[in-house]
Amino acid sequence: MKTEKHSRYLLACCTFAGLLASIAISGLLFSLDFISKTPSGTFFAVIGSSLGYYDSNTSPYVGLLLHFATGAVAGNLLGQGAIFWNRLIPFGFKRGTILGIITGISLWLVFFLPLTTYIIQPKLDMFNFSAPNQYVFVIAQHFQGLYLVVVIGSFFFHVIYGIILGLIAGRLIELKHSV
């Protein structure tokens, strides 16, 4: 049986690992902006503008913070599951990686895919015809016709997120047990 202290540590490790993994993935998304020659933070601006933040100074930061929060919450949910079911404890590199990948794919299936399909993409389509300003219109234009590319590409980003989450959480938990 897990003690309360052990449960808190497990939860903290998984939450922290989820946050770090989302920060790492965000860095990769910023590099995509550089490669595609779009303004820095364009991916995050899509999130922010879809939620009604149309200002170029606010929208990317709202999206970025929500991205960090989502990553931390996903890690926390892995930790919550591990508290109640020992098979979900991401102990070590191999187990951590496998559980992390499962978490990343689950996040993609349960959260990203429905959000993108039913909220973000319809908003982007609407912005192509009636955007609140030029900034949002340019973002919507950039993503026009890229739905499938975004969905498939995001799958791989979620797998990478899961690998990073699992490696970090697995190592932190392993370190605790080796002391």
Side-chain angles (χ1 to χ4, degrees), residues 1-36 40-48 50-51 60-120 148-179:
M1 178 135 186
K2 293 179 198 74
T3 65
E4 185 177 335
K5 185 177 178 182
H6 176 75
S7 295
R8 281 193 312 248
Y9 182 77
L10 178 63
L11 197 56
C13 286
C14 290
T15 303
F16 182 64
L19 175 62
L20 289 179
S22 69
I23 290 170
I25 292 300
S26 296
L28 291 175
L29 291 168
F30 276 113
S31 69
L32 281 180
D33 288 337
F34 179 75
I35 292 166
S36 65
S40 185
T42 298
F43 171 81
F44 303 109
V46 168
I47 297 168
S50 295
L51 296 172
Y61 295 109
V62 168
L64 181 64
L65 289 174
L66 288 172
H67 198 251
F68 289 166
T70 302
V73 168
N76 183 280
L77 291 173
L78 173 61
Q80 297 275 349
I83 289 171
F84 296 103
W85 193 25
N86 286 341
R87 295 184 66 131
L88 291 179
I89 296 174
F91 183 81
F93 286 116
K94 183 178 178 184
R95 185 182 200 140
T97 302
I98 292 168
L99 290 171
I101 291 171
I102 291 168
T103 301
I105 292 172
S106 298
L107 180 61
W108 181 80
L109 275 171
V110 173
F111 188 69
F112 179 86
L113 202 53
L115 184 68
T116 300
T117 302
Y118 298 113
I119 296 174
I120 293 177
L148 198 54
V149 171
V150 169
V151 167
I152 292 168
S154 69
F155 175 82
F156 293 105
F157 276 95
H158 282 85
V159 169
I160 295 168
Y161 163 85
I163 291 169
I164 297 168
L165 163 69
L167 289 174
I168 294 171
R171 184 64 182 142
L172 289 172
I173 293 165
E174 193 175 57
L175 285 172
K176 173 75 172 176
H177 288 285
S178 68
V179 174

Closest approach of T103 to A74 (non-hydrogen atoms, all atoms of both residues): CG2-O, 4.0 Å
Rounded to the nearest 0.5 Å, what's the gap from CD1 on I89 to CG on L78? Could you check? 10.0 Å
Quick check: closest heavy atoms across L165 and C14, and the distance to 0.1 Å? CD1-O, 3.7 Å
Test item: V150 and F112 side chains (from C-beta on) under 4.5 Å apart, heavy atoms: yes
Please find the pair of heavy atoms, one from P90 and one from L10, that lie closest to each other, and give the distance. CD-CD1, 4.3 Å
Please name the pair of heavy atoms, one in I164 and one in A24, separated by the smallest distance, quoted to 0.1 Å. CD1-CB, 3.8 Å
Which residue in the set F156, F155, F157 passes side chain to side chain contact (heavy atoms under 4.5 Å, CB included) when paired with W108? F155
Rounded to the nearest 0.5 Å, the CG atom of L107 sits from the CG atom of L113 at a distance of 11.0 Å
For atom CZ of F91, decide whether the heavy atoms of other residues, nucleotides or ligands shown that lie under 6.0 angstrom number more than 12. yes
Please check this pair: side chain of S22 against backbone of L19, looking for a donor-acceptor N/O pair closer than 3.5 Å. yes
Within 6.0 angstrom of F16 CZ, more than 12 heavy atoms from elsewhere: no
List, one per line, each side-chain donor-acceptor pair under 3.5 Å for residues 41-48, sequence neighbours excluded.
unit_1 : atom_1 : unit_2 : atom_2 : d
T42    : OG1    : P39    : O      : 2.5

On a heavy-atom basis, which atom in V159 and which in I101 lie closest, and how many Å separate them? O-CG1, 4.2 Å
Side-chain contact test, heavy atoms from C-beta onward, threshold under 4.5 Å: evaluate it for H67 versus I25 and give yes or no. yes
Closest non-hydrogen atom pair, G104 against Y161: CA-CD2, 4.1 Å
Return the NE2 to CD1 distance between H6 and I173, rounded to the nearest 0.5 Å. 7.5 Å
CD of Q80 to CG of N76: how many Å apart, nearest 0.5 Å? 5.0 Å
Euclidean distance, L29 CG relative to S40 OG, rounded to 0.5 Å: 11.0 Å
Reported CD1-to-CG distance for the pair I23 and L64, which is rounded to 0.5 angstrom: 8.5 Å
Please examine the side chains of L11 and S7, heavy atoms only from C-beta on, and report whether any two atoms are closer than 4.5 Å. no
By the salt bridge (Lys or Arg N to Asp or Glu O under 4.0 Å) test, which pairs, at least two apart or in different chains, include something from residues 90-101? none
